[in-house]
Amino acid sequence: MLPAASSLVTPVVSPLFDQHGRPLEYLRLAVTDRCNLRCFYCMPEEGIRYTPRHDLLSYEEMLRLTGLLATLGVRKVRLTGGEPFVRRNLVYFMERLAQLPGIEDLSLTTNGVLTAPHVPALARMGVKAVNLSLDTLDRARFASITRRDELPRVMQTLYALLEAGIQVKINAVVMDGQNIADLIPLADLSRTLPVDVRFIEEMPFNGGSHAAGPASLPWNHVRIRRHLAGHFGELTPLAGSVGATATDYAIAGHQGRVGIIAAYSRTFCGSCNRLRLTAEGGIKTCLYDQGVLDVRALLRGGHDDEQLVAALAAAFRFRAANGFEAEQQRPLHQLSFESMATIGG
């Protein structure tokens with residue numbers, strides 16, 4: 001049985017701000033580092049060394065910590081992994097999470113392989129949006145990229161989500177020499193479907209080596225936009241929400257939209273409102289930092305809610321100005337040896 005919400009039930013009136021004046025109101029919560037795909041840009045073919053289960057945060061610990069973060073101004077929670085649905089009883093946990101005072105927006109990032117049977121439950125609990133990882137519509141290339149032949153199940157999830165009225169954002173990592181032929185077919189999904197198709201600059205979180213620096217990236221956000229515009233014509237920029245990572249565009253005659261996320265160029269750091277909690281209990285205030293607080297140690301060390309809140313607030317006061325600064329603060333700058341599955345989507 002999961003516990004009730006934290007004893008600190010009175011949310012702050014305004015969100016917590018870091019020392020750069022950015023609100024911290026969006027938590028990306030990794031529930032596991034395990035995944036049922038082996039995407040080559042995320043991890044080696046043999047997989048990664050997973051965290052022992054007893055070292056992962058329990059659902060009870062996640063619920064307590066999220067409740068405390070809600071008192072500090074967190075309003076939106078997105079569940080990530082690894083692949084969230086690899087962890088048992090995820091839907092029950094999400095139902096409790098949705099009931100926490102102060103949490104106004106619950107969403108999910110998934111690869112879609114195991115998701116379709118749970119779509120009705122997601123709709124019932126009020127999940128507003130699902131980000132669906134999908135790098136190609138070609139079955140052979142999907143199997144090559146993910147090392148698993150699971151495209152039919154992912155497409156089943158896509159259509160189940162749309163039928164349930166859940167907003168879908170398709171996330172496609174743009175990889176030179178791998179899926180460039182897929183950019184136009186993926187974007188064309190927005191012609192007849194009410195989806196956002198978002199193209200993401202490839203990042204070095206692949207569990208292996210990677211050329212350093214945005215200048216080395218063959219397909220950056222500028223080239224991606226030119227490629228799309230060369231086929232569809234003018235892309236009309238749309239106003240974005242506060243803290244948005246994607247620059248969204250309308251295409252004439254399309255129901256949906258396309259977007260570009262400059263994840264490696266890091267053009268959106270100035271408005272970032274995100275925190276990350278890794279599956280093993282590390283707080284990250286930037287995708288590129290090494291972690292700023294081990295909350296698992298505090299939770300299991302007997303710290304009460306007041307002590308936890310004080311530790312969290314202190315950690316948030318020393319946040320890097322951007323991803324480049326956060327990367328420079330890492331020992332030996334060995335960023336490329338991490339896997340995105342261990343960081344949390």
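Worth saying up front: this structure is predicted, and the values here are computed from it rather than measured.
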Checklist entry - Would Leu69 and Thr71 satisfy side chain to side chain contact (heavy atoms under 4.5 Å, CB included), going step by step from the backbone distance to the final call? => result CA-CA 5 Å; Leu69 287 168; Thr71 72; over 6 Å; no

Item to check | Within 45° cone of Phe93 ring axis and under 6.0 Å: Arg87 NZ or CZ | outcome: no

Next on the checklist: When you group the ILVMFWY residues by side-chain heavy-atom contacts below 4.5 Å and let the links chain together, are Leu56 and Leu65 in the same group?
Outcome noted: no

Checklist entry - Taking the inter-plane angle between the rings of Phe232 and His254 on a 0 to 90° scale, is it parallel (under 30°), tilted (30 to 60°) or perpendicular (over 60°)? => result perpendicular

Checklist entry - Pro185 and Leu137: which non-hydrogen atoms are nearest, and at how many Å? => result O-CD1, 3.7 Å

Checklist entry - Where the side chain of Ser144 meets the backbone of Ala140, is there a donor-acceptor pair that is under 3.5 Å apart? => result no

Checklist entry - Under a 4.5 Å cut-off applied to non-hydrogen side-chain atoms, are Leu228 and Leu235 in contact? => result yes

Checklist entry - Any Lys/Arg nitrogen of Arg64 or Glu61 sitting under 4.0 Å from an Asp/Glu carboxylate oxygen of the other? => result no

Checklist entry - Arg274 and Leu24: side chain to side chain contact (heavy atoms under 4.5 Å, CB included), yes or no, with the steps? => result CA-CA 6 Å; Arg274 289 160 171 74; Leu24 301 171; over 6 Å; no

Next on the checklist: Restricting to non-hydrogen atoms, name the atom on Asn111 and the atom on Cys35 that form the minimum distance, rounded to 0.1 Å.
Outcome noted: ND2-SG, 3.7 Å

Item to check | Separation of His54 NE2 from Glu280 CD (nearest 0.5 Å) | outcome: 11.5 Å

Checklist outcome for this item: Between Thr66 and Leu27, the two heavy atoms sitting closest are OG1-CD2, 3.9 Å

Item to check | Heavy-atom side-chain contact between Leu183 and Phe199 under 4.5 Å | outcome: yes

Checklist entry - Yes or no on side-chain hydrogen bond (donor to acceptor under 3.5 Å, both in side chains) for Thr109 and Thr80, after CA distance, side-chain angles and deciding distance? => result CA-CA 5 Å; Thr109 294; Thr80 71; over 6 Å; no

Checklist entry - Side chains of Arg296 and Asp55: closer than 4.5 Å at any heavy-atom pair? => result yes

Next on the checklist: Can you confirm whether Arg257 sits close enough to Tyr249 that some side-chain heavy atom of one is under 4.5 Å from a side-chain heavy atom of the other?
Outcome noted: no

Item to check | CG on Leu57 to CG on Leu299, rounded to 0.5 Å | outcome: 6.5 Å

Item to check | For Met125 against Leu106, the heavy-atom pair lying closest together | outcome: SD-CD2, 4.3 Å

Item to check | Close side-chain approach of Val31 to Met62, heavy-atom, < 4.5 Å | outcome: yes

Next on the checklist: Can you confirm whether Thr236 sits close enough to Ile251 that some side-chain heavy atom of one is under 4.5 Å from a side-chain heavy atom of the other?
Outcome noted: no

Checklist entry - If we ignore angles and hydrogens, is there a donor and acceptor under 3.5 Å between the side chains of Thr110 and Glu83? => result yes

Could you go through residues 161-179 and list every donor-acceptor pair under 3.5 Å that involves a side-chain atom there, pairing it with any protein atom two or more places apart or in another chain?
residue	atom	partner	partner atom	Å
Asn171	OD1	Arg198	NE	3.0
Asn171	OD1	Arg198	NH2	3.2
Asp176	OD1	Trp219	NE1	3.1
Asn179	OD1	Met175	N	2.9
Asn179	ND2	Asp135	O	3.0
Asn179	ND2	Val173	O	2.8

Checklist entry - Distance from Ser107 atom OG to Lys76 atom NZ, nearest 0.5 Å? => result 4.5 Å

Checklist entry - After noting the C-alpha distance and the side-chain angles of Arg75 and Asp105, does the key distance pass the salt bridge (Lys or Arg N to Asp or Glu O under 4.0 Å) rule? => result CA-CA 6 Å; Arg75 295 292 172 260; Asp105 188 332; over 6 Å; no

Item to check | Audit row: Leu134, Leu151, side chain to side chain contact (heavy atoms under 4.5 Å, CB included) steps and yes/no | outcome: CA-CA 9 Å; Leu134 180 60; Leu151 180 60; 3.7 Å; yes

Next on the checklist: Are Leu79 and Arg28 packed together at the side-chain level, in the sense that at least one heavy-atom pair is separated by less than 4.5 angstrom?
Outcome noted: no

Next on the checklist: With clusters defined by side-chain heavy atoms of hydrophobic residues (ILVMFWY) lying less than 4.5 Å apart, directly or transitively, does Val222 cluster with Ile180?
Outcome noted: no

Item to check | Under 3.5 Å donor-acceptor, Lys128 side chain and Glu104 backbone | outcome: yes

Checklist entry - Given Tyr26 and Val77, is the side chain to side chain contact (heavy atoms under 4.5 Å, CB included) satisfied, shown in steps? => result CA-CA 6 Å; Tyr26 178 3; Val77 178; over 6 Å; no

Next on the checklist: Testing the basics here: between Val91 and Ala121, what is the closest heavy-atom pair and its distance to 0.1 Å?
Outcome noted: CG1-CB, 3.8 Å

Checklist entry - Which residue, Ile200, Ile260, Ile261, forms the side chain to side chain contact (heavy atoms under 4.5 Å, CB included) with His221? => result Ile260

Item to check | Side-chain donor/acceptor of Gln99 to backbone N/O of Arg96, under 3.5 Å | outcome: no

Item to check | Hphob cluster co-occupancy, Leu238 + Leu189, side-chain heavy atoms under 4.5 angstrom | outcome: no

Item to check | Nearest-0.5 Å distance, CG of residue Leu90 to CD of residue Glu95 | outcome: 10.0 Å

Item to check | Student check: side-chain heavy atoms of Ile283 and Thr278 closer than 4.5 Å | outcome: no

Checklist entry - Would you find a donor on one side and an acceptor on the other, under 3.5 Å apart, between the side chain of Arg147 and the backbone of Arg38? => result yes

Item to check | Closest contact, heavy atoms only, Arg139 versus Asp149 | outcome: NE-OD1, 2.8 Å

Checklist entry - Hey, what do you get for CD (Glu150) to CZ (Arg153), rounding to the nearest 0.5 Å? => result 4.5 Å

Next on the checklist: Less than 3.5 Å apart, any donor N or O on the side chain of Glu201 or Ser265 sitting next to an acceptor on the other?
Outcome noted: yes

Item to check | Heavy-atom donor-acceptor pair, Asn220 side chain to Arg223 backbone, under 3.5 Å | outcome: yes

Checklist entry - Is it true that a side-chain atom of His303 and a backbone atom of Leu298 form a donor plus acceptor pair closer than 3.5 Å? => result yes

Item to check | Gap separating the CZ atom of Arg148 from the CG atom of Asn36, nearest 0.5 angstrom | outcome: 8.0 Å

